[in-house]
Amino acid sequence: MKSLLNREIIEGLNESSNTAFADNVTNTVYSLVSEAVEKISIKSPFVQLEKCNIIPVNEIYIGAFSQLSEYDYFLGVENTEIEFNSKVKRNWWKYLWKEFKASWRIGRKKKYKKKKRKEEEAAKTPVTIEKYKVSDLKKDLMYRIADQITETSMVYDFPYCLSLVGSDDFGTGVKINIFVTIYDAATDTYKLYKESRNKFIPINFGQRYENLDKKYETCGQMFISMAKIFNALYSKIYDKIPNQIVLESLLANCPDSLYDQNDVYKTFVNVANYIRIRNPKTFTSICNPEKTLFEDPLVFRTNAQVDYGKIVNMLDRFKY
């Protein structure tokens, strides 16, 4: 038996979030990062404040957050030399042999003697200057942000991002993720370094922000309300947030006439039914309208096309 989504529930979901709270979190993040980057630029010859930018990359951009939303941002630093320095040259045969010996514990005593000899030689060797890499920038950023927040907040250094938590500085239940990337202004591409693969992963949002702004201009707050309601329902069923490129594309493909500016419940019914009955291959990407949703790299590279099926399945579970 399908669960009932009546007018009261839909209107309640629309009014449940506090947009002023989310704006305050974003303003706090911008302030912390800007001051941190400014301090880093004084100590590092490779970082310039005017060549850095920070953008929200998930549902936070349009304010369609739910209780499970995290606050994700890309910090882009425009510097080719940092990008070059970050890639590590490895002698893979030497690395594999070392791992093999370590796993089988070959020549432990001999290895200990070699280690001791290396330590003695290292003590005699003069200190050399290390190349400044993305990992160094991330570490500098972590220390500068930590200097600004209270002792009740924490900054965690994860492989791909810095995560910040703290109710006194940011609010209850808030997790902030700052992905430190190399920014290519010519192509508007953010390059995320994956140390395990020793390569940069290019991420280009294309026309996403421009198209979101255009849809907001024509459909107003009702477009944001639909994204908010869909996120709330999805997180209720699947205990996570859907891929926002998928959701934004679905909602942006709905004709403007379906968005009734005076009735959020009517709009939800219109939009939900349209998404359910339309051929999935006809949905275009919010990032690039010349491609279908499932041709967008930000969708198929992350297997997020599964989220489309889950969204349709979610809508089928309810009666409205």
Side-chain angles (χ1 to χ4, degrees), residues 21-58 60-61 69-90 119 122-123 125-185 189-201 203:
F21 174 83
D23 291 340
N24 182 64
V25 173
T26 293
N27 291 335
T28 301
V29 172
Y30 282 3
S31 178
L32 288 173
V33 173
S34 296
E35 187 169 340
V37 170
E38 188 173 8
K39 289 181 179 178
I40 293 171
S41 66
I42 297 174
K43 301 293 183 180
S44 171
F46 302 109
V47 179
Q48 303 175 55
L49 183 61
E50 61 272 16
K51 289 198 172 184
C52 298
N53 65 76
I54 182 170
I55 60 167
V57 294
N58 58 353
I60 303 306
Y61 178 75
S69 293
E70 296 184 0
Y71 291 71
D72 294 346
Y73 304 86
F74 271 20
L75 172 63
V77 180
E78 192 177 353
N79 191 289
T80 305
E81 192 163 355
I82 296 179
E83 181 181 353
F84 285 163
N85 291 343
S86 299
K87 291 185 177 180
V88 181
K89 292 182 179 180
R90 290 177 178 172
E119 289 177 350
T125 305
V127 177
T128 56
I129 298 175
E130 295 289 334
K131 295 178 181 178
Y132 197 75
K133 305 182 288 292
V134 169
S135 57
D136 297 316
L137 174 59
K138 189 152 72 81
K139 195 171 293 184
D140 285 344
L141 185 69
M142 178 181 68
Y143 290 141
R144 298 301 185 277
I145 291 177
D147 288 340
Q148 301 178 63
I149 58 180
T150 62
E151 293 182 356
T152 58
S153 298
M154 298 292 293
V155 184
Y156 298 94
D157 186 3
F158 290 113
Y160 306 130
C161 68
L162 296 177
S163 288
L164 289 68
V165 293
S167 57
D168 291 341
D169 288 298
F170 311 113
T172 305
V174 173
K175 182 181 180 183
I176 297 164
N177 301 310
I178 302 173
F179 296 83
V180 181
T181 69
I182 296 297
Y183 179 63
D184 185 348
T189 300
Y190 294 85
K191 300 176 183 180
L192 181 63
Y193 181 62
K194 292 198 172 184
E195 189 172 355
S196 59
R197 297 171 62 183
N198 194 30
K199 66 181 294 186
F200 281 91
I201 307 299
I203 300 174

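Just so you know, residue 1 is the first one in the sequence shown, and it goes up from there. Here the structure is a predicted model, which is why all the values come from computation and not from measurement.
Listed by chain and residue number, N177 satisfy the side-chain hydrogen bond (donor to acceptor under 3.5 Å, both in side chains) test with E70 (two or more places apart in sequence, or in another chain). Applying the side-chain hydrogen bond (donor to acceptor under 3.5 Å, both in side chains) criterion to E83, with sequence neighbours excluded, gives K191. Annotation: salt bridge (Lys or Arg N to Asp or Glu O under 4.0 Å) contacts of D157 (sequence neighbours excluded): K138. Every side-chain contact (heavy atoms from CB on, under 4.5 Å) that T150 has, sequence neighbours left out, goes to T152, S153, D168, D169. Y73 meets the side-chain hydrogen bond (donor to acceptor under 3.5 Å, both in side chains) test with T26; sequence neighbours excluded. A search for side-chain contact (heavy atoms from CB on, under 4.5 Å) contacts involving A22 returns F65, Y71, not counting sequence neighbours. The side-chain hydrogen bond (donor to acceptor under 3.5 Å, both in side chains) test applied to N24 returns no partner, not counting sequence neighbours. Partners of N85 under the side-chain contact (heavy atoms from CB on, under 4.5 Å) rule, at least two apart in sequence or in another chain, are E81, K131, K133.
Side-chain contact check for E195 versus S135: every heavy-atom pair is 4.5 Å or farther apart. Counting heavy atoms from C-beta on, the side chains of F179 and L75 never come closer than 4.5 Å.
Around the CZ atom of F21, the shell of radius 6.0 Å holds more than 12 heavy atoms that belong to other residues, nucleotides or ligands. Heavy-atom neighbours of Y143 OH from other residues, nucleotides or ligands within 6.0 Å: at or below the threshold of 12.
For the residue pair L192 and V180, the shortest heavy atom distance occurs at CD1-O, 4.1 Å. Scanning both residues, P56 and Y30, for their nearest heavy atoms gives CD-OH, 3.3 Å. The minimum heavy-atom distance between I176 and V174, with the atom names listed, is CG1-CG1, 3.8 Å. Counting all heavy atoms, side chain and backbone alike, S86 lies closest to N198 at O-OD1, 4.4 Å. Across every non-hydrogen atom of M142 and V155, the tightest pair is CG-CG1, 3.6 Å. The two residues I178 and L141 come nearest to each other via the heavy atoms CG2-CD2, 4.3 Å.
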For this session: Walk me through it: do I201 and K199 pass the test side-chain contact (heavy atoms from CB on, under 4.5 Å)?
Result: CA-CA 7 Å; I201 307 299; K199 66 181 294 186; 4.1 Å; yes
Exercise. Stepwise, does the side-chain contact (heavy atoms from CB on, under 4.5 Å) test hold for E35 with R144?
Worked result: CA-CA 8 Å; E35 187 169 340; R144 298 301 185 277; over 6 Å; no
For this session: Please step through side-chain contact (heavy atoms from CB on, under 4.5 Å) for the pair F200 and D184, ending with a clear verdict.
Result: CA-CA 12 Å; F200 281 91; D184 185 348; over 6 Å; no
For this session: Show your reasoning for whether side-chain contact (heavy atoms from CB on, under 4.5 Å) applies to I203 and T189.
Result: CA-CA 6 Å; I203 300 174; T189 300; 5.7 Å; no
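In terms of modelled atom types and a separation under 3.5 Å, the side chain of S31 and the main chain of N27 share no donor-acceptor contact.
Between the OH atom of Y132 and the CD1 atom of I82 there is a distance of 6.0 Å, given to the nearest 0.5 Å. In this structure, the separation between CG on L164 and CG on L162 is 7.0 Å, given to the nearest 0.5 Å.
For residues 152-175, the set of pairs meeting the ring-ring contact (aromatic ring centres under 6.0 Å, His included) definition, not counting sequence neighbours, is empty.
Checking each of L137, I40, T181 against V77 for a side-chain contact (heavy atoms from CB on, under 4.5 Å) leaves exactly one that passes, namely L137.
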Please tabulate, one pair per line, all N/O donor-acceptor pairs under 3.5 Å involving side-chain atoms of residues 42-55, not counting sequence neighbours.
residue, atom, partner, partner atom, Å
S44, OG, F46, N, 3.3
N53, OD1, Y190, OH, 2.7

